[in-house]
*Asks:* 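Please read through the structure below; I'll follow up with questions.
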Amino acid sequence: GQQLNQSPQSMFIQEGEDVSMNCTSSSIFNTWLWYKQDPGEGPVLLIALYKAGELTSNGRLTAQFGITRKDSFLNISASIPSDVGIYFCAGHPNAGNNRKLIWGLGTSLAVNP
Amino acid sequence: EAGVTQSPTHLIKTRGQQATLRCSPISGHTSVYWYQQALGLGLQFLLWYDEGEERNRGNFPPRFSGRQFPNYSSELNVNALELEDSALYLCASSLAVRNTIYFGEGSWLTVV
């Protein structure tokens with residue numbers, strides 16, 4: 001099935017560093033969602049984006065809905081050890097059954113204290 | 001307000017048996033989604049129920065089925081279990097008119 005291109009696949013950073021990850025699609029999306037999943041738990045919604053160009057922050061997290069509607073990025077500033085986990089992007093395509101989310105394969109983040 | 005709740009947390013079955021997983025959505029949410037996540041892999045869409053009807057299903061064999069009850073809770077049934085069905089099964093819910101979904105903690109199914 002269709003999947004989003006999420007990158008990087010994994011990151012290993014030092015505590016305090018900023019992190020950036022992104023997702024791209026070949027088609028237009030009308031919603032972008034970012035989730036974080038801790039090991040053995042369900043994904044938790046971090047940020048939801050509904051309009052092209054929208055820039056939304058949630059604490060140290062900032063995400064943007066790309067102007068082309070084909071991409072989105074998530075930034076984490078001043079990373080801390082509890083940021084460790086897998087970050088997933090997801091979105092609803094503009095066409096077709098817009099209730100079926102398309103998912104990226106995740107970005108695994110490791111933070112060295 | 002309670003989030004999405006799933007039961008059981010862990011389930012161990014043998015090959016060929018049937019497994020039933022349960023999900024209660026967030027109060028007021030009418031849509032329920034089921035995902036399979038094998039160890040270390042991404043989320044694979046299984047089923048979507050809305051207002052008691054199956055609205056969409058992913059690329060899974062018919063032995064994966066489910067239903068949604070009048071109170072919007074849902075069951076996922078997996079028949080004739082195979083070893084590769086071992087995974088974390090995640091349930092999520094959403095309001096009828098919003099696209100944002102919220103996940104439960106998941107049910108771990110181990111097939112031996």
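Proteins come first, then strands; the chains are lettered A, B, ... in the order of their sequence lines, and each starts at number 1.
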*Asks:* Are the side chains of A:L101 and B:W48 in contact, using a 4.5 Å heavy-atom criterion?
*Replies:* no

*Asks:* Among A:A48, A:G40, A:A90, single out the residue with the greatest number of heavy-atom pairs under 4.5 Å to chain B.
*Replies:* A:G40

*Asks:* Flag yes if more than 12 heavy atoms outside A:R60 fall under 6.0 Å of its CZ atom; otherwise flag no.
*Replies:*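 Yes - once you tally the heavy atoms of other residues, nucleotides and ligands closer than 6.0 Å, there are more than 12.
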
*Asks:* If two hydrophobic side chains count as joined below 4.5 Å and joins carry through other members, does A:L61 share a cluster with A:V84?
*Replies:*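 Yes; tracing contacts between hydrophobic side chains, which count when under 4.5 Å, links both residues.
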
*Asks:* Look at atom CG of B:L39 and say whether more than 12 heavy atoms of other residues, nucleotides or ligands are closer to it than 6.0 Å.
*Replies:* no

*Asks:* Determine whether more than 12 heavy atoms belonging to other residues, nucleotides or ligands lie under 6.0 Å from atom CD of A:Q9.
*Replies:* no

*Asks:* Within this structure, what is the CZ-CD distance for the pair A:F88 and B:Q37, rounded to the nearest 0.5 Å?
*Replies:* 5.0 Å

*Asks:* If you round to the nearest 0.5 Å, how far is OG1 of B:T100 from CD1 of A:I47?
*Replies:* 12.0 Å

*Asks:* Quick check for you: to the nearest 0.5 Å, what is the distance between B:L43 atom CG and A:I102 atom CD1?
*Replies:* 12.0 Å

*Asks:* Quick one: closest heavy-atom pair of A:Y35 and B:I101, and the distance?
*Replies:*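 Looks like OH-O, 2.5 Å.
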
*Asks:* Would you find more than 12 non-hydrogen atoms of other residues, nucleotides or ligands less than 6.0 Å from B:L41 atom CG?
*Replies:* yes

*Asks:* If you group Ile, Leu, Val, Met, Phe, Trp and Tyr by side-chain heavy-atom gaps below 4.5 Å, do A:F73 and A:L45 land in one group?
*Replies:* no

*Asks:* If you take all heavy atoms of B:L88 and A:Q37, which pair is closest and at what distance?
*Replies:* CD2-NE2, 3.9 Å

